[in-house]
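Working notes, structure below.
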Amino acid sequence: MYNNIFSPQKINSLHTINRLVFGPHRLNFAEGHVPGQRRLAYYEERAQGGVGLIIMEGSMILPQDYPYATVLNIHEPSASKSYALIAQTLKRYPLLLIGQLNHYGGQGNSEISRRPLLAPSPIPEINTNAVPKIADDNDLALLIEGFTIGARLLIASGFDGVEINVAQYSLLRQFLSPLTNLRDDAYGGVLENRAKLPLQIIKSVRQELGQTPILGLRLCGDEYAPWGGLGPQEWAKIAAYLCESIQIDYIAVENGSLYSSHKTFAGIQEPEDYAVIAAKQIGLAVKKPVIVGGSLQSPDLIESIVAEQTCLADITRALISDPYYPQKLAAGLSTKIKPCILCRSGCYTHTQTNNPIACSVNPRAGCEGMPGIETNIFKQDRGKKLAVAGAGAAGLQAALRAAEKGALVTLYEEQAHIGGLWRLYSKSQPRLEALIDYYLRMLRLLNVEIKLNQAFCAQHATDYDAVIIAVGALPQREAVLPQADMLHTSAVQYLHHPQPAKHAVVYDKLGNWQAQLACRKLATLGAHIDLVSPDSYLAALDTFNGDFIYWYEELAKLPIQTYKQKTLGRIFGAEIILHDQYSGAEELLSEVDMLIEASAGKENLNIYQQLLGSKINVLAVGDCVAPRNLASAIREGDLAAEEVWAN
């Protein structure tokens, strides 16, 4: 069915076995700033899954450039041995291996290196306002030398080629773009000047490599900064200019700039083909193999894209959620591919916490090769009978993992459908619905008995060898004084049973999708909405993955009045008094006929406690233990299926 996806692609003198690419992304588990065993196991899992091309996370070429604490440095004394081990191991598989070289420039972090950032012009770094040092002639010479030496080491280590980063988080993009290059010397102004340093580096690296090893560029396709940055047409022109000047073997297209990082690793709100147009324009301009990125994962879409021109598809996040995507697709098992939902809650590692790579839907991503973690081989629990109470995220994953291991699983759900809390969210996000559908397909294939509209009770437990309790949290709300004359409900309860209101107050104590969904629903029903948050900014939890930007854009279009750093005070009749958290000032909201609270649930351990002390193995997991997020629920459900027989 997917002849184009599984056709080879020639790059220089080498060929990929298919058009699927595992692109460079930040992992945050470098060991001594060089690749270690954990990284090796992570990449090898995707190599086993059948991907055609792996491009490793970018390595910094100069000691002064420390953009994040766990960065890879090609200049470390132990680099040669570490990179060689990566190449030796991955070249056992029929794939091409590329190493990326980079300098973050003005988008780095001077607090780590304790040296000034380096940039073409003194444009402040957006997160810290650190003004970088303007790169002088000595800096430019060091950059050329650093990229050249790094390329030499990668090829000597056994890599098939080198990729130079001229896209997001790249000093070289900062030189090419008038958004960040305000110079008036030989390296600023017209394109030929702005491209001078990138060309000097590319030519030096090409000379070092010779004609045979692959030399690729990661190039920006759209900076999403129309007030001063470059769009697809301008970047296509730059691509053509660079390719006319020197032998470049492929171009990987990546969007975004220092002002639009949410467009580089886009979230659930973006269509998965949002980055295709820019890549196509560059492909038409250069007549070279182009790697199309964005959020690609749908096989039919990828097949149509690679059929149109010489290109490959970067499906990095799809391979994080399911390393065996290529293998399953080639075998005609696309319905068994676990879908990426583009939530960015684990794979978005560009945060101050430097969290190691993870995945909400794949609890073992980032843990490959670690003690106690099995990825593709399961212990067998043939014939053991397991009941799972609750078909939310934790229960679904527990049931799936246990059934894969051979247990006879019965899944109880008191609602008429599976999915739990996330079924509500899926009403506005089809990708979440696709994840729920995946679980349903897989559970049916594994002969899991699903009992809908049937709550699990302690009496059921006697029919099973073990029980996993995953019934989710109980909704909670603040107590309202008896004098209140308004409907008072939780966001979850409202989303289950929406109804119109004239003037609704949504009190958002979570800063996530629950209040947002309630606001959207109320707006469609014609309500005037006051959105109140105790935080200093709205959608506080969404700042961890960058999705708050999308919500702010939507807020500007909805009939919503926002109140920040406010808590609920006295509620009387149809009036609510808000308190400012810092000044104590009060503000009156009147004629309110509905109050909706988005707040954390509370533990729900009643059934679990009833079964404690019995002869039946019992575990409680997910939100019923402590309400958290989707990733925590799926991870605990997965672990529970491994641990339940040990009790």
Side-chain angles (χ1 to χ4, degrees), residues 1-11 14-23 43-55 93-96 250 252-253 266 268 270-280 283-284 288-342 359 361-362 365 375-376 400 403-404 426 429-447:
M1 290 177 60
Y2 300 106
N3 294 331
N4 292 298
I5 290 177
F6 291 102
S7 64
Q9 172 63 58
K10 184 178 181 181
I11 306 178
L14 301 175
H15 290 81
T16 64
I17 59 168
N18 57 48
R19 305 292 185 91
L20 302 177
V21 179
F22 194 45
Y43 287 143
E44 188 171 12
E45 182 83 358
R46 278 76 197 171
Q48 290 172 352
V51 70
L53 171 62
I54 291 179
I55 307 172
Y93 302 90
L95 56 78
L96 298 184
Y250 75 82
V253 181
I268 199 169
E270 294 284 354
E272 65 174 288
D273 62 347
Y274 80 97
V276 171
I277 292 176
K280 282 186 175 180
L284 292 171
K288 299 277 186 181
V290 168
I291 298 176
V292 182
S295 306
L296 300 177
Q297 68 169 323
S298 301
D300 290 346
L301 175 61
I302 295 169
E303 176 72 4
S304 68
I305 290 170
V306 300
E308 291 184 16
Q309 63 189 75
T310 303
C311 65
L312 302 94
D314 185 324
I315 60 165
T316 299
R317 279 185 281 180
L319 288 166
I320 296 173
S321 62
D322 193 334
Y324 294 87
Y325 180 114
Q327 193 178 96
K328 291 176 181 178
L329 191 61
L333 302 174
S334 60
T335 58
K336 292 188 176 182
I337 296 172
K338 197 168 193 180
C340 167
I341 59 174
L342 302 178
C359 177
V361 304
N362 178 7
T375 53
N376 201 34
L400 175 58
E404 286 175 328
S426 72
Q429 297 295 349
R431 290 188 179 97
L432 283 168
E433 191 171 5
L435 178 62
I436 295 169
D437 290 344
Y438 161 83
Y439 276 113
L440 185 58
R441 285 195 308 273
M442 295 302 296
L443 293 175
R444 285 173 173 169
L445 283 171
L446 292 165
N447 297 315

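Along the sequence shown, residues are numbered consecutively beginning with 1.
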> Ala330: what forms a side-chain contact (heavy atoms from CB on, under 4.5 Å) with it, not counting sequence neighbours?
Replying inline: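 In terms of side-chain contact (heavy atoms from CB on, under 4.5 Å), with neighbours along the sequence ignored, Ala330 is linked to Phe6.
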>> Side chains of Pro326 and Leu319, heavy atoms from C-beta outward: is any pair under 4.5 Å?
In response: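 With C-beta onward as the side chain, the pair touches.
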> Can Ile320 and Asn362 be said to form a side chain to side chain contact (heavy atoms under 4.5 Å, CB included), step by step?
Replying inline: CA-CA 7 Å; Ile320 296 173; Asn362 178 7; 5.6 Å; no
With no hydrogens and no angle check, is any side-chain donor or acceptor of [X] less than 3.5 Å from a backbone partner on [Y]?
{"X": "Thr16", "Y": "Leu53", "value": "no"}
{"X": "Gln9", "Y": "Pro289", "value": "no"}
{"X": "Arg19", "Y": "Cys311", "value": "yes"}

> Just by distance, with hydrogens left out, do Glu270 and Ser295 show a side-chain donor and acceptor under 3.5 Å apart?
Replying inline: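 Result is no, nothing qualifies.
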>> Using the rule side chain to side chain contact (heavy atoms under 4.5 Å, CB included), only one of Asn18, Ile302, Leu20, Asp300 pairs with Tyr2; which is it?
In response: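 One option only clears the test, and that one is Asp300.
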> Looking only at heavy atoms, what is the nearest atom pair of Ala275 and Gly294, with distance?
Replying inline: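 Looking at all heavy atoms of both residues, the shortest contact is CB-CA, 3.8 Å.
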>> Give me the atom names and distance for the closest heavy-atom approach of Ser298 to Tyr325.
In response: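 Between these two residues, the closest heavy atoms are C-OH, 4.0 Å.
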> If you round to the nearest 0.5 Å, how far is CZ of Arg46 from CD of Gln48?
Replying inline: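 Answer for the CD-CZ pair, Gln48 versus Arg46, is 10.0 Å.
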Give the table of side-chain donor-acceptor pairs shorter than 3.5 Å for residues 435-442, with sequence neighbours excluded, one pair per line with atom names and distance.
{"unit_1": "Tyr439", "atom_1": "OH", "unit_2": "Lys338", "atom_2": "NZ", "d": "3.1"}
{"unit_1": "Tyr439", "atom_1": "OH", "unit_2": "Gln397", "atom_2": "OE1", "d": "2.6"}
{"unit_1": "Arg441", "atom_1": "NE", "unit_2": "Thr335", "atom_2": "O", "d": "3.1"}
{"unit_1": "Arg441", "atom_1": "NH2", "unit_2": "Thr335", "atom_2": "O", "d": "2.9"}

> What residue among Lys336, Gln327, Lys328 forms side chain to side chain donor-acceptor pair (under 3.5 Å) with Asp322?
Replying inline: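 By the side chain to side chain donor-acceptor pair (under 3.5 Å) criterion, Asp322 pairs with just one of Lys336, Gln327, Lys328: Lys328.
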>> Quick one, Val276 with Leu296, criterion side chain to side chain contact (heavy atoms under 4.5 Å, CB included). Give me CA distance, side-chain angles, the key distance, then yes/no.
In response: CA-CA 9 Å; Val276 171; Leu296 300 177; 4.2 Å; yes
